[in-house]
Every structure is written in structure tokens, then in C-alpha cells.
A.B. asks: 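Quick one: this structure, given as C-alpha cells, is what I'll be asking you about.
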Number of protein chains: 2
Amino acid sequence: MATGRTHRPATRSRGIPEATVARLPLYLRALTALSERSVPTVSSEELAAAAGVNSAKLRKDFSYLGSYGTRGVGYDVEYLVYQISRELGLTQDWPVVIVGIGNLGAALANYGGFASRGFRVAALIDADPAMAGKPVAGIPVQHTDDLEKIIKDNGVSIGVIATPAGAAQQVCDRLVAAGVTSILNFAPTVLSVPDGVDVRKVDLSIELQILAFHEQRKAGEEAEAVLEAEAAAAAAKETGKGPDGDVPAVMPA
Amino acid sequence: MATGRTHRPATRSRGIPEATVARLPLYLRALTALSERSVPTVSSEELAAAAGVNSAKLRKDFSYLGSYGTRGVGYDVEYLVYQISRELGLTQDWPVVIVGIGNLGAALANYGGFASRGFRVAALIDADPAMAGKPVAGIPVQHTDDLEKIIKDNGVSIGVIATPAGAAQQVCDRLVAAGVTSILNFAPTVLSVPDGVDVRKVDLSIELQILAFHEQRKAGEEAEAVLEAEAAAAAAKETGKGPDGDVPAVMPA
DNA sequence: TAATGTGAAGTTTTTCACAGCG
DNA sequence: CGCTGTGAAAAACTTCACATTA
């Protein structure tokens with residue numbers, strides 16, 4: 001889902017598959033919950049259930065990080081929390097700026113999940129002069145004019161764009177020019193960035209559209225199921241044989 | 001990224017790959033923009049660029065929908081908009097409810113991208129009695145007590161959960177019991193749902209963590225690059241041969 | 001003995017490359 | 001000729017199943 005063509009193409013690095021990286025935060029969340037309940041160890045089966053994946057996948061994922069488990073026992077919760085945090089780079093502090101303090105930007109500024117994971121909202125930036133100085137989530141909003149200075153003064157390398165679509169590319173360009181190399185984009189636009197800059201996007205409307213697709217298909221299947229049931233009933237009448245576990249098998253030509 | 005174990009396992013339906021479905025909204029957005037600029041046709045190359053994918057992938061994706069292009073010319077914008085909309089089920093009206101009208105819920109209620117895509121915010125629901133009756137985005141907030149009735153009266157099949165993590169599963173259960181079969185979850189929890197219910201999740205903190213992983217790796221690579229450059233320089237001094245296109249090849253043991 | 005770690009098999013997704021068609 | 005549509009190859013990802021080991 002990340003856009004920017006990224007990282008060295010083939011050279012071996014520690015090569016953790018992207019799909020695995022995307023699941024590490026999930027495992028981390030589940031592990032953190034266990035840690036808070038002072039659970040000392042957990043099996044792949046249990047942890048997988050808590051994270052909503054299957055256990056083979058989880059074990060394979062962990063195998064890319066190293067051998068952190070104990071056969072016959074499971075994984076040490078605290079140790080795993082540390083290892084995954086380190087792998088994700090969460091043992092360091094990441095100052096982020098949020099640009100565009102509308103409804104969504106404000107929601108993000110107030111979102112607790114950031115602070116708890118090593119992310120610190122270093123600044124809020126908006127183009128509306130009327131917003132300047134107003135505190136949101138306890139942080140005063142600053143004006144876009146100072147964007148470059150803010151980035152540099154705070155050593156920000158991660159930027160969050162929550163502006164309207166029309167402003168997103170321009171904001172993105174300025175962020176990148178000022179030194180930001182990772183961008184989380186909430187604006188419904190494709191951002192173009194130079195090589196070496198990562199973009200991830202979150203598009204609320206896209207998620208709903210994907211749900212709608214499946215929803216529609218469910219409706220279609222229901223209708224189909226009725227037809228199949230009717231066909232099966234008819235067949236049963238015909239042959240005197242009731243329906244059983246087998247699929248009705250409507251073979252297409 | 002969808003969680004719920006979904007749909008018939010193997011039976012052939014119209015079998016559009018999930019990865020393709022996830023990109024259709026992207027294409028649709030790009031096409032809509034072209035349509036607004038009254039562009040009549042577009043090539044796979046152009047459209048792919050606008051959507052941020054490569055053209056082979058786009059053509060393959062479209063091939064699952066049918067043959068909607070014209071060789072030597074490209075795709076008719078309006079026609080494709082219609083076909084994709086239909087495929088995604090956006091030609092019908094989808095009433096959605098948003099549960100949890102905090103910062104994020106309010107942002108979602110105000111988000112313009114919904115209405116423009118066939119999604120209609122049918123109701124806003126919150127557990128705080130003080131919120132009841134207050135209008136958000138012009139829609140009065142209703143109390144959780146009436147959730148079931150609201151779902152049924154409005155024929156809602158898609159629910160958005162924007163509550164705190166602690167309340168999410170309970171809200172989810174009630175939504176499902178009331179007949180909702182697709183859920184977009186913003187709460188940082190794994191929801192468990194019965195078969196036949198789709199869940200997609202959006203986790204802001206997870207996206208940032210993935211960015212942090214790559215950001216960290218960039219920092220590592222920079223250091224590595226410096227070392228490699230130094231090594232190359234040293235080698236050049238040694239042999240009198242300048243560095244060329246080949247990889248420095250630091251073979252591990 | 002219970003549960004990890006992992007080759008190997010299976011599946012899905014992406015990319016290639018070009019035949020075919022307007 | 002230019003661009004689509006698509007088999008076939010390649011790559012990425014998931015699942016299986018079991019040898020291995022604390």
C-alpha cells in the first residue's frame with residue numbers, strides 16, 4: 001500500500017518481507033496487551049489468535065527476526081515486545097508534524113495511539129491564519145509559512161498530511177524539500193515524491209468502496225443461494241435423494 | 001487487510017482478485033478527475049500514472065472486468081467510470097452509520113468523500129447522553145440505546161466504528177446482531193465477527209509504525225552507503241580503478 | 001512432549017513480452 | 001502503427017507438515 005518506489009532494489013539488507021513488516025505492529029499491540037496483564041509467555045497459537053492471524057504465519061514472520069522463542073514453551077512476552085519495538089524503530093523518538101488541522105487533523109492530534117508508540121506530535125501546521133496560535137490537543141497551531149523552519153528545528157522526518165486534496169501535493173513538496181522522508185497521506189490524491197521518500201496513504205472512501213464491493217457480492221450470493229436451494233429441492237424431488245454436504249455444483253459450460 | 005474470513009472458499013464466482021478490487025477505487029478516482037476535465041479517452045499508461053501504479057498491472061486489472069478498451073486508442077473515460085462504479089456496487093445507495101462521535105467520528109461525518117461515492121451517512125450514534133440531539137455535520141447524534149432500531153429503520157448494512165478500543169467489540173456485536181454485515185473499524189482492536197461479516201480496519205498508529213521501520217532502515221543505509229563509498233574510494237586508490245555501476249558486493253560470511 | 005522454526009508445496013500477485021486488433 | 005489484452009514467467013506471500021529441540 002506504500003506508494004513511493006523505495007529502497008535498494010535487490011541488494012541484500014536484512015530483508016524482512018513487506019507483508020511481515022505490516023504485521024509487526026499488530027503483534028506488538030497484542031503483546032503489549034499481554035504485557036499489561038503481566039502474562040509472562042505466550043504460544044504462537046495464542047498470540048496469533050489475539051492478533052487475528054494464523055499461527056503458521058506468525059511463526060514464519062518471527063523467523064525473519066530471529067529465533068526468539070523456546071520450543072515446547074512459547075515466546076517471552078517482554079523480550080518479544082522489545083525485539084519487535086527495536087525492529088520497527090520504536091525505541092527511538094520520532095517527532096512528527098501534522099499539516100492541515102481540520103476535523104481530521106485535530107482528531108489525529110488528539111489520537112492517543114501515537115504518543116504510546118514513540119511518536120511525538122512536534123507541531124501542528126495549518127494554512128488558515130485564524131488558526132495560528134490556537135491550541136489543539138494542547139499544541140498551538142502554527143502557520144504554513146513557517147513549515148520549513150519547523151521541520152528543521154525539530155528534526156522532523158515524518159509528516160502527516162491531512163489537508164484538502166487540492167493542497168496535498170504542494171504541502172508534500174515543501175515537506176520533502178525541507179527534509180521529510182516519510183509521509184502519511186490522508187488526502188485523497190496520489191502524491192508524487194522523489195526516490196527515497198516513502199508515502200503511505202489512508203483513504204477512508206476507498207475502504208468503504210471495498211466493503212461495498214463485498215457487500216454487493218453477498219447480496220448476489222444470497223440470491224444465488226436461493227436459486228441453488230430451489231434447484232437442490234427440485235433435484236431432491238426428482239431423485240428422492242436429499243441434499244447433502246456436497247456442493248450443488250452448477251457447472252458452467 | 002480485511003480481516004473476516006470471508007465468502008465462499010473455492011466455488012467460482014466472477015473471481016476478481018482481491019488485490020484488483022482494492023485498486024478499483026484508485027482507478028475510479030483518477031477517472032473521475034479526468035471526467036471532470038472532460039477528457040474523453042485515456043491510455044493505460046496515462047491512467048496508470050494518474051493512479052500511481054504501472055500500466056501492465058492496470059491492464060491486467062481491467063482484463064478481469066472485461067474488454068472495455070479500444071486497441072490503438074485507450075479507454076473511454078465515461079464508460080470506464082460507469083463499469084467500475086457498477087462493479088464496486090456504487091451505482092446503488094449505501095446508508096452507513098458511524099458509531100462513536102469523538103474527534104474522529106466527527107471528522108468522518110464531515111468527510112466529503114463519502115457522499116460523492118454513493119455512501120450516505122444515515123445516522124451518527126454515540127454513547128454519551130450529552131451528545132444526543134446535537135447536530136454534527138448537520139446530522140443529529142443519536143444515543144446508543146437506539147442502535148438496533150436505527151440500523152433496521154434505515155436498512156443499514158455498513159457500519160463504521162470510531163469508538164475507543166474498549167467499546168469496539170461490544171458495538172461490533174450489536175451492529176452485527178442488528179444486521180450489519182460490513183464494518184470499517186478505526187478502533188485499535190482486533191474485532192471478532194461471525195462468518196459472512198467483513199471487517200476492514202484502519203489503524204493510524206500502525207501506518208506510522210510501518211513508516212518508522214522504513215525510516216530507520218534509511219538511516220542505516222545512509223551509514224552503510226558512506227561505508228561503501230569509503231571502501232570503494234579505498235579500493236580505487238589501491239587499484240587505480242574508479243568505481244563503476246557494479247555493486248560493491250560486501251559478501252557476508 | 002509440546003511448541004518452535006523452517007524447507008517445501010501451494011497460492012496469489014506482479015511483471016514480462018508480444019500477439020492481435022482497431 | 002499504437003495500444004490493449006493476455007498467456008507465461010517470475011516474485012511474493014501463505015500454508016503445510018514435520019524434524020528439531022528445550
Side-chain angles (χ1 to χ4, degrees), chain A residues 1-3 5-24 26-27 31 39-77 79-80 83-84 210, chain B residues 1-3 5-24 26-27 31 39-77 79-80 83-84 210:
Chain A
M1 208 150 266
T3 306
R5 191 53 35 221
T6 327
H7 316 302
R8 47 180 74 185
T11 313
R12 139 198 30 256
S13 82
R14 211 140 35 83
I16 299 177
E18 191 56 34
T20 294
V21 172
R23 281 186 296 266
L24 292 181
L26 228 64
Y27 301 144
L31 285 163
V39 176
T41 62
V42 66
S43 71
S44 63
E45 203 73 53
E46 294 163 333
L47 183 54
V53 304
N54 78 42
S55 65
K57 194 187 285 183
L58 178 143
R59 288 201 302 280
K60 184 60 112 182
D61 283 343
F62 285 179
S63 79
Y64 294 116
L65 308 185
S67 284
Y68 295 149
T70 307
R71 287 165 204 251
V73 178
Y75 301 92
D76 182 283
V77 171
Y79 186 54
L80 247 196
Q83 290 299 343
I84 295 179
I210 296 172
Chain B
M1 209 151 267
T3 305
R5 192 52 36 221
T6 328
H7 316 302
R8 46 181 74 185
T11 314
R12 137 198 32 252
S13 84
R14 216 152 17 92
I16 299 177
E18 192 56 35
T20 295
V21 172
R23 282 186 296 266
L24 292 181
L26 229 64
Y27 302 143
L31 285 164
V39 175
T41 62
V42 67
S43 71
S44 63
E45 203 74 51
E46 294 163 332
L47 183 54
V53 305
N54 77 43
S55 64
K57 195 186 284 182
L58 177 143
R59 287 200 303 278
K60 182 61 112 181
D61 282 342
F62 285 179
S63 79
Y64 294 116
L65 308 186
S67 284
Y68 295 150
T70 307
R71 290 166 202 250
V73 178
Y75 301 92
D76 182 281
V77 171
Y79 186 55
L80 248 195
Q83 290 299 344
I84 295 179
I210 296 172

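Hydrogens, waters and symmetry mates are skipped; everything else that's a heavy atom, side chains included, is used. Just so we're on the same page: letters track the sequence lines, and every chain starts at 1.
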A.B. asks: Starting at the 5' end of DNA chain D, which residue's closest nucleotide do you reach first, T20(A) or G72(A)?
C.D. replies: T20(A)
A.B. asks: Pick out the pairs of N or O atoms, protein on one side and nucleotides 6-8 of chain C on the other, that lie under 3.5 Å.
C.D. replies:
| from | atom 1 | to | atom 2 | distance (Å) |
| --- | --- | --- | --- | --- |
| dG7(C) | N7 | K60(A) | NZ | 3.4 |

A.B. asks: Using a 4.0 Å cut-off on heavy atoms, which residues in residues 40-47 of chain B reach DNA chain C? List them by number, or say none.
C.D. replies: none
A.B. asks: I want to confirm an ordering. Mapping T70(A) and A19(A) to their closest nucleotides on DNA chain D, which one lands closer to the 5' end?
C.D. replies: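 It is A19(A) whose nearest nucleotide is closer to the 5' end.
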A.B. asks: Test of understanding: with side-chain hydrogen bond (donor to acceptor under 3.5 Å, both in side chains), list the residues that count as partners of Q83(B), not counting sequence neighbours.
C.D. replies: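 For Q83(B), the residues satisfying side-chain hydrogen bond (donor to acceptor under 3.5 Å, both in side chains) (neighbours in sequence not counted) are Y68(B), Y79(B), R86(B).
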A.B. asks: Minimum heavy-atom separation for L31(B) to I84(B), with atom names?
C.D. replies: CD1-CD1, 3.7 Å
A.B. asks: Could I get the full list of salt bridge (charged side-chain N to carboxylate O under 4.0 Å, His left out) partners for R23(B), not counting sequence neighbours?
C.D. replies: D61(B)
A.B. asks: What is the separation between atom CD on E18(A) and atom P on dA11(D), rounded to the nearest whole Å?
C.D. replies: 18 Å
A.B. asks: Distance check: side-chain N/O of Y75(A) vs OP1/OP2 of dA22(D), anything under 4.0 Å?
C.D. replies: no
A.B. asks: Any side-chain heavy-atom pair from I210(B) and V21(A) closer than 4.5 angstrom?
C.D. replies: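 Yes, at least one pair of side-chain atoms sits under 4.5 Å.
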A.B. asks: Kindly give the heavy-atom pair with the smallest separation between A48(A) and N54(A), and that separation in Å.
C.D. replies: CB-C, 3.7 Å
A.B. asks: Using whole Å, report how far CG of L58(B) lies from P of dC3(D).
C.D. replies: 14 Å
A.B. asks: Going by side-chain hydrogen bond (donor to acceptor under 3.5 Å, both in side chains), name the residues that satisfy it together with T41(B), two or more places apart in sequence or in a different chain.
C.D. replies: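 Here no residue qualifies.
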A.B. asks: Can you tell me which residue among V53(A), T20(A), L80(A), L65(A) is in a side-chain contact (heavy atoms from CB on, under 4.5 Å) with Y27(A)?
C.D. replies: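 When V53(A), T20(A), L80(A), L65(A) are each tested with Y27(A), the side-chain contact (heavy atoms from CB on, under 4.5 Å) holds only for V53(A).
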A.B. asks: Measure NZ/K57(B) against P/dA10(D) and give the value in whole Å, please.
C.D. replies: 19 Å
A.B. asks: Check the phosphate of dT15(C) against N54(B), side-chain N and O only, distance under 4.0 Å to OP1 or OP2. Yes or no?
C.D. replies: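 N54(B) to dT15(C) OP1/OP2: side-chain N or O found under 4.0 Å.
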A.B. asks: Considering only residues two or more places apart or on different chains, which pairs with a residue in residues 41-55 of chain A satisfy salt bridge (charged side-chain N to carboxylate O under 4.0 Å, His left out)?
C.D. replies: none
